[in-house]
Structure formats: C-alpha cells, structure tokens
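Just so it is clear: chains get the letters A, B, ... in the order the sequence lines come, proteins before strands, and each one is counted from 1. This is a predicted model, so every value here is computed, not measured.
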2 protein chains.
Amino acid sequence: MQTMRIEDEIKQPVFKNEYQKGLINLIYTAGWLQQQQAAAFRQFDLTLPQFNVLRILRGQHPKPATVNLLIERMLDKTSNASRIVDKLETKGLVTRTVCPSNRRAVDIRITEPGLELLHRIDESVKEHHGLQMLTLEETQQLNQILDKIRD
Amino acid sequence: MQTMRIEDEIKQPVFKNEYQKGLINLIYTAGWLQQQQAAAFRQFDLTLPQFNVLRILRGQHPKPATVNLLIERMLDKTSNASRIVDKLETKGLVTRTVCPSNRRAVDIRITEPGLELLHRIDESVKEHHGLQMLTLEETQQLNQILDKIRD
DNA sequence: TGCAAATATATGTACATACATTTAATGTCG
DNA sequence: CGACATTAAATGTATGTACATATATTTGCA
C-alpha cells in the first residue's frame, strides 16, 4: 500500500506551509493511533484510559495507589481518574479502600482478575507496539523532535 | 527552559525501547498541543471541533456544506458532526436549511457573525502555528515520519 | 486548643467521542 | 408501479474530558 498523504486523507488541497501541515499531521496521526489501539482493547471490554490506569496499578502492585498518584502518571493529567476507577471497580478489576494512615485518601489496588486480564492482553498484543513500520533511527528522530516541541 | 523528557513528565522510569517511548511520546505530545490550542479558543467561546467545522464552512463559502462533507473533512472522522453543528447554530454562527435538491440532506452555511469571528481569531493567532520551535528541516522530517506511520 | 488553610477525593455540568439504532427520503429493479 | 435496499441525518446511551465546586480530613499556627 502506498503512503497516504495527509492532504489526501482530510481532503484539503494544500497547506500554507510545512509547519501548518506538521501540526495537523501530528494531531491527526496521534488520533489515528489511538483509534487503532482503542479498537484492539474493545475485545477486552476496556477503554484506553481504563487500560492505562490498570497498567499503572500493576506497576505499583502489591502496593496500593492513590487517585493522586494515578493523575500524576496518566497521560492526560486533567482527566477524571475518580470516575475511571469507578468503572474498573464495577468490573471487579480494582478495589478501593480508605487509606488507614490518611483517611482523606483512598487505596486503590489491582485485583487478581485485573492482573489476569492484563496478562491476556500482553499475550495478545505482544510486539505490536504501533510503530513497527519505522526504523530505529526514524523512531529516535521522532522522539527527539517531539521532546523539542514540548520544550 | 530545558527540554522536558517524556520520562520525567509521566514519571515512568524507563521505556522498554525507543518504539514504546515513541508511541507514548506521540500521543502525549499531540494531547499537549491540543490542550494549548483549546485554551486559546476558549476566549472565543469555541471548542476545537467547533472551530474546525467553522473553518471547513468558510472554505466552502458561499456554497453550502452537508453533514457528510463535514465528516469527510474533519480530523476525527467518527465524531458527531450533527451535534457540533447544533452548538454552532445555537450561537448563530451557522444556518441549517433542508437541501432543495435532496430533501434528505441539510445545507449548512457559515453566517456573517461566523465569518467575523473567524477573522478575529485569525488576527489573534497569526503566526502562532504551534511548531515555532522546530527548524524547517525538523518539520519536514516529522511530516515524513508521520506519513510513514499511517502507511 | 481551635480555627483557617491545605489536601484528597468526589460530584455536577457542559461538551465531545464512539457506536448502535432510528427516521425520512431517494434509488433500483423485478 | 411497488417492495426493498441505500443514503443522509438525527437520536440514544455509555464513556471520557474539562473545569468548577463540594465534602471530608488533616495540618499548621495564632
């Protein structure tokens, strides 16, 4: 398959300049990747933010996490961690208990079924990281440029 | 200000490899740019998708657009164009009339106040395209890599 | 000690997203 | 011509996002 130029995909004839194209291209491509990933998680009845929270909890396991810790580590800092944990709790993938040493805080832990689900997902998506089509050098360039954007 | 490494921003010590880092970096950076832009549009009481729809309508002006045409050209193809047009209609920025030649379709047009608003935004954000910090060469590299990702 | 500020989380509201379903108009083909 | 598929848009429902506010607990300091 031929490379799909961003101009063709969104049917805008021409960009004013390479910078304008870059901005649109970056946002469009990230959305495209997110949709690919979301589709992959649908078979496990997980959304992308739910998966990310679950992965953070596995990283802490067997220590608990608090909502604050989740917010710190989530990609989208302003999203509502509380309500994402709600959904995971309903599915039995995490538990929520009042933190004994600070009763304002809540200890959140991944459950055995949660760990098993992540393990099944790992098996299923192994080696499919989303950027298989890039060379190592291209990936390094990409990372360097993205870091510079957020200077 | 020093470049903020993605490792520091999301507090994950180390990525498995450059590819995994690239994927997270790409999604994180696009979200970061979107938030910057959304904040800029808030003063005009517009969300990002509303602004994008309005820009497509200006591109068509004085011809009308249909909902289908909006969906084709929007960055996020699966979003709900109908309801975004609802909001713009409520604000008086677009009009909706049944298409005379095909009564299933709806002709959507940008209004004078809509054009004026876009013009004010143009003046305000002129030359601030979001990727000012990159050289032309870096921007070209970025575009080439992003196009390759969506092969 | 006691009261105000800070902290941790939850809740409310408006908007957007993702996907399925519905409604209405049009096209097609026996 | 008429049943049936197709097309265009709108609607329904669950989830997530963004931001403001509320509630409860803890901390700090006069």
Can you tell me how far the CD atom of A/E18 sits from the OG1 atom of B/T135, to the nearest 0.5 Å? 10.5 Å
Among C/dG12, C/dA18, C/dT9, find the nucleotide with the atom closest to the side chain of A/N68. C/dT9
Would you kindly give the CD-to-P distance between A/Q34 and D/dG16, to the nearest whole Å? 13 Å
Pair B/D122 + B/R58: basic N to acidic O under 4.0 Å: yes
Starting the side chain at C-beta, find the nucleotide from C/dA16, D/dA18, D/dT15 nearest to B/R42. D/dA18
Reading DNA chain C from 5' onward, which residue's closest nucleotide shows up sooner: A/A38 or A/D86? A/D86
What contact category does A/N102 fall into here, base, sugar-phosphate, or nothing, at under 4.0 angstrom with non-hydrogen atoms? sugar-phosphate
Nearest whole Å is fine: how far is C/dC15 C1' from B/N80 CG? 12 Å
Per atom distances to the A/Q50 side chain, the nearest of D/dA9, D/dG16, C/dT26 is D/dG16
Take A/R103 and A/I84, find for each the nucleotide of DNA chain D with the closest heavy atom, and name the residue whose nucleotide sits nearer the 5' end. A/I84
If we only count heavy atoms from C-beta on, is the B/L117 to B/L93 side-chain gap below 4.5 Å? yes
In terms of side-chain heavy atoms of B/R83, which of C/dT9, D/dA18, D/dT13 is nearest? D/dT13
B/R150 bridged to B/D147 by N-O distance under 4.0 Å: yes
Taking CG from B/L69 and P from D/dA9, how many angstroms apart are they, rounded to a whole number? 9 Å
From CG of A/L54 over to P of D/dG16, roughly how many Å is that when rounded to an integer? 12 Å
When the distance from CZ of A/F41 to C1' of C/dC19 is rounded to whole Å, what number comes out? 19 Å
Per B/A105 side chain, nearest of listed nucleotides D/dA8, D/dT15, D/dA10: D/dA8
Supply the atom-to-atom distance B/L46 CG to B/L88 CG, rounded to the nearest 0.5 angstrom. 7.0 Å
From CG of A/D45 over to P of D/dG16, roughly how many Å is that when rounded to an integer? 10 Å
Using whole Å, report how far CG of B/D107 lies from P of D/dA10. 12 Å
Closest to the B/V106 side chain, choosing from D/dT15, D/dA9, C/dT9: D/dA9
B/R104 CZ to D/dA8 C1', in whole Å, measures 6 Å
If you assign each of A/S101 and A/T47 to its closest nucleotide in DNA chain D, which residue comes earlier from the 5' end? A/T47
